[in-house]
J.: 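One structure, pasted below without further comment.
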Protein chains: 2
Amino acid sequence: MKKGQITIKDIAKELNISASTVSRALNNNPDISPETRELVQKFAKEHKYKPNSMAMNLRSKHSNIIGVIVPELANHFFSSVLSGIELVAEEHDYQVIVCQSLEDYSKEVRNVQTLIKARVCGVLISQSKTTTKYEHFQELIDNDIPIIFFDRICTGIDTGKVVVDDYSGTFNATEYMINTGCKRIAFLGAPPHLEISKNRKNGYLDALRKHHLPIEDDFICGADNKQLGYQTAKELLLSVNKPDAFMCMNDYTASGVLVAAKELGVKVPEEISICGFSNSNISQDTDPMLTTVDQYPAKVGEEAMNLILEKVNNPEKQERKNRIIKTNLIIRNTTKQLPENEE
Amino acid sequence: MKKGQITIKDIAKELNISASTVSRALNNNPDISPETRELVQKFAKEHKYKPNSMAMNLRSKHSNIIGVIVPELANHFFSSVLSGIELVAEEHDYQVIVCQSLEDYSKEVRNVQTLIKARVCGVLISQSKTTTKYEHFQELIDNDIPIIFFDRICTGIDTGKVVVDDYSGTFNATEYMINTGCKRIAFLGAPPHLEISKNRKNGYLDALRKHHLPIEDDFICGADNKQLGYQTAKELLLSVNKPDAFMCMNDYTASGVLVAAKELGVKVPEEISICGFSNSNISQDTDPMLTTVDQYPAKVGEEAMNLILEKVNNPEKQERKNRIIKTNLIIRNTTKQLPENEE
DNA sequence: TTGAAAGCGCTAACAC
DNA sequence: GTGTTAGCGCTTTCAA
């Protein structure tokens with residue numbers, strides 16, 4: 001920050017009036033005479049006066065800044081969520097500070113410290129995969145900074161959350177594959193301590209149960225990126241009991257499965273079906289294009305921002321609201337067609 | 001921002017000493033007695049004191065914040081650049097505020113206003129496609145806020161820049177396709193007012209010239225996203241004079257070309273070669289995988305951050321430094337092999 | 001209708 | 001070694 005910027009004092013001196021008059025004129029205070037107001041506003045505009053938000057925040061004890069912590073922005077889901085957040089933020093004249101934890105617990109802790117120092121009004125968080133301690137989240141709350149979790153929520157902290165309907169999303173996708181004739185469906189999930197993993201796994205399991213399909217432990221694997229998707233699929237496809245479908249944690253994992261299938265000469269979707277999750281930008285670039293579950297990420301961001309603003313504006317209200325965003329199965333070409341007679 | 005946070009005054013009152021002593025103790029000022037220092041630091045730690053950065057910034061007239069304006073974070077190149085920026089920022093204890101212009105000139109102008117109000121120390125910008133006026137950039141400079149452009153630079157403003165070596169990147173990629181036997185190479189570029197477009201087009205043209213290939217105006221098109229890549233490729237591939245290769249502005253465009261080719265039954269790379277640009281996350285998901293040009297986005301971010309920090313720390317120095325990041329052709333499967341005898 | 005003064009949280013002269 | 005004072009840019013009593 002440089003000294004280039006003009007201040008209220010400068011204007012006051014130049015116009016031979018007091019700083020408080022300038023402040024009032026700029027804020028359209030009705031007490032001020034129209035002439036003074038005009039004069040000041042004209043001068044301010046000409047000299048491109050911009051209020052110093054740090055000074056304003058310090059005085060008002062309200063920063064109008066919302067902090068956001070995401071695992072990584074290179075992940076299409078999170079950058080899309082961010083767009084939703086920013087949309088609502090701009091409508092309400094809030095600023096957003098974004099931090100990436102890069103899936104690293106200690107970085108996430110530092111992110112939190114930064115946001116506290118910046119005196120943000122509230123924080124939106126999707127926690128890193130490696131986070132299993134929650135003191136840093138608690139510290140925010142202890143400092144009266146409300147938080148809302150989204151997507152990768154933290155059940156250890158009692159506050160509002162915005163989640164994707166992971167259970168139904170996975171249930172529906174799994175059931176769809178069952179309806180197309182798949183009987184041996186593998187599940188490639190994320191670290192089991194994450195809520196999102198549990199819910200999706202439950203959706204998967206319940207779909208199998210509903211259709212009286214056996215549950216095989218070997219088919220339930222941890223694999224949530226392309227590399228792991230590739231490796232895991234390769235192993236499974238080479239085993240005696242090979243699966244005929246893969247329900248994946250995200251599209252990256254699904255794309256890894258697809259690569260493995262091609263490498264082994266396994267036809268998709270004839271021999272195996274693959275379903276991703278997210279409807280991310282890569283899902284239309286694979287060949288065949290991925291069947292996947294849209295999570296409406298922008299909506300997740302919007303709802304999260306709405307919830308946090310509510311909390312910021314009504315700090316006394318203790319109720320914690322949650323939002324569940326419905327998902328939508330997008331059927332493309334890595335899954336088989338439904339049989340005609342089922343319609 | 002809430003009133004939950006403890007201040008230096010609070011500590012002073014509690015410990016029956018003055019605020020300045022507390023401040024000195026916290027800052028490890030050597031004048032302070034070891035006992036007092038211990039006492040204060042212990043108390044601060046226990047009560048999780050966090051300095052109010054707004055107050056500090058206001059006082060020091062230095063915010064330690066760098067503003068970043070990018071077209072959109074959902075674009076993998078920009079989110080990767082941001083990672084490089086944040087890496088260097090964290091090393092130097094700087095904070096980053098990221099704004100998205102979403103390719104909208106007026107949003108970009110608003111972004112600039114926000115950053116001026118936040119009194120950022122400097123700004124890193126990659127301009128939106130729709131930006132053709134530069135007063136907002138000039139305003140930053142008039143306010144003594146240094147700026148560094150990266151990737152989509154603005155030639156209308158005289159300041160430092162970090163660019164990818166678009167010319168050589170495109171030249172080399174085009175020449176490679178020529179060496180594999182392509183003779184009728186189309187160029188799908190971005191809006192011509194952007195430097196990046198001009199440089200890439202020149203790289204393309206010079207490669208054709210060097211190898212005495214004719215330049216056909218019909219082969220030079222504006223198409224810089226998947227949809228346009230698809231449409232343009234479809235038209236070109238259905239024309240009498242169809243091209244045998246496509247040099248594309250980015251991987252998204254290339255993926256559109258690929259879809260068009262498949263739809264028309266044109267074999268890739270046997271009948272047409274396709275080269276993208278960026279080595280973005282989709283480039284390994286297409287089938288065949290895209291030949292593309294790596295731009296080392298993290299390096300772009302790091303260099304940009306280094307340049308701006310230099311400017312911030314030496315405001316008097318007027319020299320404007322530029323950095324050119326070398327590119328690297330990544331040969332995958334949408335281009336033919338070099339003939340053996342050429343080696 | 002306007003000005004003077006105080007204070008948000010912090011630090012740096014300047015005293016003692 | 002520590003306290004007092006002043007001021008960063010802004011707004012808001014209170015007084016005139």
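All chains are named by letter (A, B, ...) in the order of the sequence lines, taking the proteins before the strands, and each is independently numbered beginning at 1. All values below come from the heavy atoms of this structure, side chains included, with hydrogens, waters and symmetry mates left out.
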J.: Which part of the nucleic acid, if any, lies within contact of B/Ser33, taking any heavy atom under 4.0 Å across all strands shown: a base, the sugar-phosphate backbone alone, or nothing?
T.: sugar-phosphate
J.: Roughly, in whole Å, what's the span from CD1 in A/Ile11 to P in C/dG3?
T.: 14 Å
J.: Nearest to the side chain of B/Thr21 - C/dC10, D/dG3, D/dG9?
T.: D/dG3
J.: Do the side-chain N or O atoms of B/Lys9 get closer than 4.0 angstrom to the phosphate oxygens (OP1, OP2) of C/dC8?
T.: yes
J.: B/Arg59 side chain: which of C/dT1, D/dG7, D/dC14 is closest?
T.: D/dG7
J.: In plain terms, say whether B/Asp31 and B/Arg24 are close enough for a salt bridge, that is, a side-chain N and a carboxylate O under 4.0 Å apart.
T.: no
J.: Short question: side chain of B/Gln100, backbone of B/Leu73 - any donor-acceptor pair under 3.5 Å?
T.: yes
J.: Write down the distance between CD (B/Glu38) and P (D/dT2), rounded to a whole number of angstrom.
T.: 13 Å
J.: Between B/Phe137 and B/Phe149, is the gap from one ring center to the other below 6.0 Å?
T.: yes
J.: For a quick check of understanding: with a heavy-atom distance under 4.0 Å over all strands, which category does B/Ser20 fall into, base, sugar-phosphate or nothing?
T.: base
J.: Among the nucleotides D/dC10, C/dG9, D/dT2, which one has an atom lying closest to any side-chain atom of B/Thr36?
T.: D/dT2
J.: Figure out the NZ/C1' separation between B/Lys50 and C/dC10, and round it to whole Å.
T.: 17 Å
J.: Identify which nucleotide among D/dC8, C/dG3, C/dC8 has an atom closest to any side-chain atom of B/Lys61, counting heavy atoms from C-beta outward.
T.: D/dC8
J.: Could you tell me how far apart A/Asn52 (CG) and D/dG7 (P) are, to the nearest whole angstrom?
T.: 18 Å
J.: If each of A/Asn16 and B/Arg24 is mapped to the nucleotide of DNA chain C with the nearest heavy atom, which maps nearer the 5' terminus, i.e. the 5' end?
T.: A/Asn16
J.: Less than 4.0 angstrom between a side-chain N/O of A/Asn27 and OP1 or OP2 of D/dT11, yes or no?
T.: yes
J.: Provide, to the nearest angstrom, the distance between the CZ atom belonging to A/Arg119 and the C1' atom belonging to C/dC10.
T.: 11 Å
J.: Using atom CE of A/Met54 as one end and atom C1' of D/dG7 as the other, report the distance to the nearest whole Å.
T.: 14 Å
J.: What residue among B/Leu39, B/Ile17, B/Thr36 forms side chain to side chain contact (heavy atoms under 4.5 Å, CB included) with B/Val22?
T.: B/Ile17
J.: Send over the distance from B/Ile32 CD1 to D/dG3 C1', rounded to a whole Å.
T.: 10 Å
J.: How long is the straight-line distance from CD of B/Glu103 back to OG of B/Ser128, given to the nearest 0.5 Å?
T.: 5.5 Å
J.: Base, sugar-phosphate alone, or nothing: which one does B/Thr7 contact when heavy atoms must sit under 4.0 Å apart?
T.: sugar-phosphate
J.: Provide, to the nearest angstrom, the distance between the CD1 atom belonging to B/Ile8 and the P atom belonging to C/dC10.
T.: 5 Å
J.: Between A/Ser18 and C/dG3, is there a side-chain N or O to OP1/OP2 distance below 4.0 Å?
T.: yes
J.: For the side chain of B/Ile17, starting at C-beta, report the closest nucleotide among D/dG1, C/dC10, D/dG3.
T.: D/dG3
